[in-house]
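These numbers come from a predicted model, not from an experiment. Residue numbers start from 1 in every chain, and the chains themselves are labelled A, B, ... in the order their sequence lines are given, proteins ahead of strands.
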There are 2 protein chains.
Amino acid sequence: MNNMYKGEYVPPTLTVDSVIFQIINAQLCVLLIARAQEPFRGSLALPGGYNAVGETTHEAMKRTLLAKAGISTDSLGLIEQLYTFDTVARDPRGHAVSVTYMGLGKDLTIKQSKGAQNPVFIPVSQLPELAYDHDEIIKYSHERLRAKITYTNAAFALLPKLFTLSQLQGVYEAILGKELDKRNFRKKFLSLELIEKTQKIYKEGAHRPARLYKFKQQRLQELSRSFE
Amino acid sequence: MNNMYKGEYVPPTLTVDSVIFQIINAQLCVLLIARAQEPFRGSLALPGGYNAVGETTHEAMKRTLLAKAGISTDSLGLIEQLYTFDTVARDPRGHAVSVTYMGLGKDLTIKQSKGAQNPVFIPVSQLPELAYDHDEIIKYSHERLRAKITYTNAAFALLPKLFTLSQLQGVYEAILGKELDKRNFRKKFLSLELIEKTQKIYKEGAHRPARLYKFKQQRLQELSRSFE
DNA sequence: ACAAAAGTGTTAAGAATACACCCATGT
DNA sequence: ACATGGGTGTATTCTTAACACTTTTGT
């Protein structure tokens with residue numbers, strides 16, 4: 001295994017995969033594409049692809065996400081590296097190493113580009129069988145997201161600039177998978193001082209209009225006291 | 001950048017690096033080696049090396065740690081993958097991707113093996129200038145460790161099977177970099193029910209002997225309430 | 001007897017939880 | 001007038017934080 005000393009070093013294949021989350025209809029959804037090629041042709045999979053020499057993993061992520069799903073990373077509110085998986089046993093084509101990223105967005109529009117492969121957002125609670133071990137990766141990612149919203153303001157990346165407290169609570173409920181008490185949620189969240197009232201009102205449906213709030217910062221911040 | 005479609009795909013170099021922590025004299029120390037080759041010949045660096053095809057990153061970590069520092073991963077209480085760094089700009093030899101692991105141990109004995117490169121444990125508070133951006137990696141790793149001990153029982157990996165409450169508190173103080181109140185620390189930690197009293201007593205020095213405790217589990221557990 | 005670390009309890013302030021009704025709107 | 005989601009307060013329990021003296025040993 002000391003090939004490198006003899007000048008015969010051969011690196012494994014390097015790939016990147018993206019787990020892009022978005023809340024749709026109060027459900028946490030993940031971006032998947034239908035694979036156009038073997039292996040797992042026709043199965044749903046995370047968007048991803050090869051990472052060649054000279055390209056950073058972040059650049060490869062950006063490129064593959066745009067190519068396979070027509071989504072620009074600029075439209076994501078937050079991107080972070082998740083974990084690096086060894087795929088020795090996992091990929092039928094042989095040894096590869098996959099660097100995974102998690103991205104959070106809202107109102108993501110999928111542009112059907114030339115090379116795109118039918119990108120869709122599917123609720124994480126209703127995933128069909130996926131290619132490779134992508135279900136494991138999504139589960140891991142969901143776990144990370146759950147943790148992330150409890151000690152940071154990451155929810156900003158899943159909400160519009162202006163939002164109601166009910167929408168905010170809905171994001172937490174969708175990710176944590178449980179209902180929260182409205183009064184306690186509001187009291188706690190407001191006491192964290194991450195958001196502020198605006199003068200705007202959101203009218204919708206046959207009920208009392210809601211006040212709109214906004215995050216003070218549109219970038220990741222740690223909470224002073226963790227949540228839930 | 002679509003070389004792979006033409007069968008010309010060339011992956012970047014893949015390397016692994018390990019950040020191995022140990023508490024020595026109430027100080028958090030990290031394992032470093034003196035580089036025997038260019039680049040950064042003579043500088044201190046994290047132990048690491050190439051990861052060739054057919055080998056998982058974990059296997060490569062294990063192998064390089066043994067080869068460069070004579071430390072067996074079996075002697076570590078905890079190992080976890082940290083982060084994957086792109087080294088396009090960082091490595092003078094060109095584009096590489098480095099998967100980093102964090103390991104925690106106690107009483108680690110460095111065996112000077114044939115290929116070993118003067119491995120030493122150095123307090124993180126007194127690091128000299130290091131090769132590459134290894135200082136950044138260590139800082140990141142320290143941050144992760146700080147978080148880890150506040151929401152898990154990870155401290156078990158840095159302590160002997162039996163330990164005194166003062167030793168346990170010392171681990172927290174060394175990692176958090178601040179002093180803690182003895183009474184509050186004990187009350188809180190005991191209430192978490194992760195450790196239990198033993199009948200053993202530790203006598204040392206000209207003072208009252210201390211009761212020894214042990215962790216109920218020698219594997220990672222989340223705390224019911226997070227710490228500090 | 002002294003030095004050195006071990007061990008121990010109370011009080012006050014802050015945070016979390018449980019819980020139910022009125023408000024503003026559209027139909 | 002009714003259905004729908006928006007908005008609000010209090011009492012209780014639990015958790016944290018601040019704080020100082022006695023005990024046991026070796027020399």
Exercise. Once the angle between the rings of A:Phe215 and A:Phe163 is folded into 0 to 90°, is it parallel (under 30°), tilted (30 to 60°) or perpendicular (over 60°)?
Worked result: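 Tilted.
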For this session: Would you grab the first and last nucleotide of DNA chain C (5' to 3') that comes under 4.0 Å of any non-hydrogen atom in chain B?
Result: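 First and last nucleotides in contact are C:dA3 to C:dT10.
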Starting at atom [atom1] of [X], determine the distance to atom [atom2] of [N], rounded to an integer number of angstrom.
X        : N      : atom1 : atom2 : answer
A:Phe185 : D:dG9  : CZ    : P     : 18 Å
A:Glu204 : D:dG6  : CD    : P     : 8 Å
B:Arg208 : D:dG26 : CZ    : P     : 13 Å
A:Ile201 : D:dG6  : CD1   : C1'   : 10 Å

Exercise. Got a salt bridge between B:Arg146 and B:Glu143, using NZ or NE/NH1/NH2 to carboxylate O under 4.0 Å?
Worked result: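 Yes, B:Arg146 and B:Glu143 are salt-bridged.
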Problem set entry | B:Glu193 with B:Lys216: basic N within carboxylate O range, under 4.0 Å |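 Not counted as a salt bridge, because no side-chain N and carboxylate O are separated by less than 4.0 Å.
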Exercise. Less than 4.5 Å apart, any side-chain heavy atom of A:Pro47 and any of A:Leu31?
Worked result: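 A side-chain contact exists here, since the closest heavy-atom pair is under 4.5 Å.
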Seminar exercise, completed: Going 5' to 3' through nucleotides 14-20 of chain D and flagging B where a protein heavy-atom sits under 4.0 Å of the base, S where only the sugar-phosphate is that close, and - otherwise, we get -SSBBBB
For this session: Assess whether atom NZ of A:Lys62 is packed by more than 12 heavy atoms of other residues, nucleotides or ligands within 6.0 Å.
Result: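 No, the 6.0 Å shell around NZ holds no more than 12 heavy atoms from other groups.
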For this session: Decide if atom CD of B:Gln126 counts as having more than 12 heavy atoms of other residues, nucleotides or ligands within a radius under 6.0 Å.
Result: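 It does: B:Gln126 CD has more than 12 such atoms within range.
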Exercise. Base, sugar-phosphate, or nothing: which does B:Arg211 touch, judged by heavy atoms less than 4.0 Å apart?
Worked result: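 Result for B:Arg211 = sugar-phosphate.
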Exercise. Of A:Ala206 and A:Lys197, whose nearest nucleotide on DNA chain D comes first from the 5' end?
Worked result: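 Residue closer to the 5' terminus by nearest nucleotide: A:Ala206.
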For this session: Grab the two heavy atoms, one from B:Ile149 and one from B:Tyr172, that are nearest each other, plus how far apart they are.
Result: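 Here B:Ile149 and B:Tyr172 meet closest at O-OH, 3.0 Å.
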Using distance only, find each side-chain donor-acceptor pair of residues 217-228 of chain A under 3.5 Å and give its atom names and separation, not counting sequence neighbours.
residue, atom, partner, partner atom, Å
A:Gln217, OE1, A:Arg219, NH1, 2.6
A:Arg225, NH2, A:Ser191, OG, 2.9

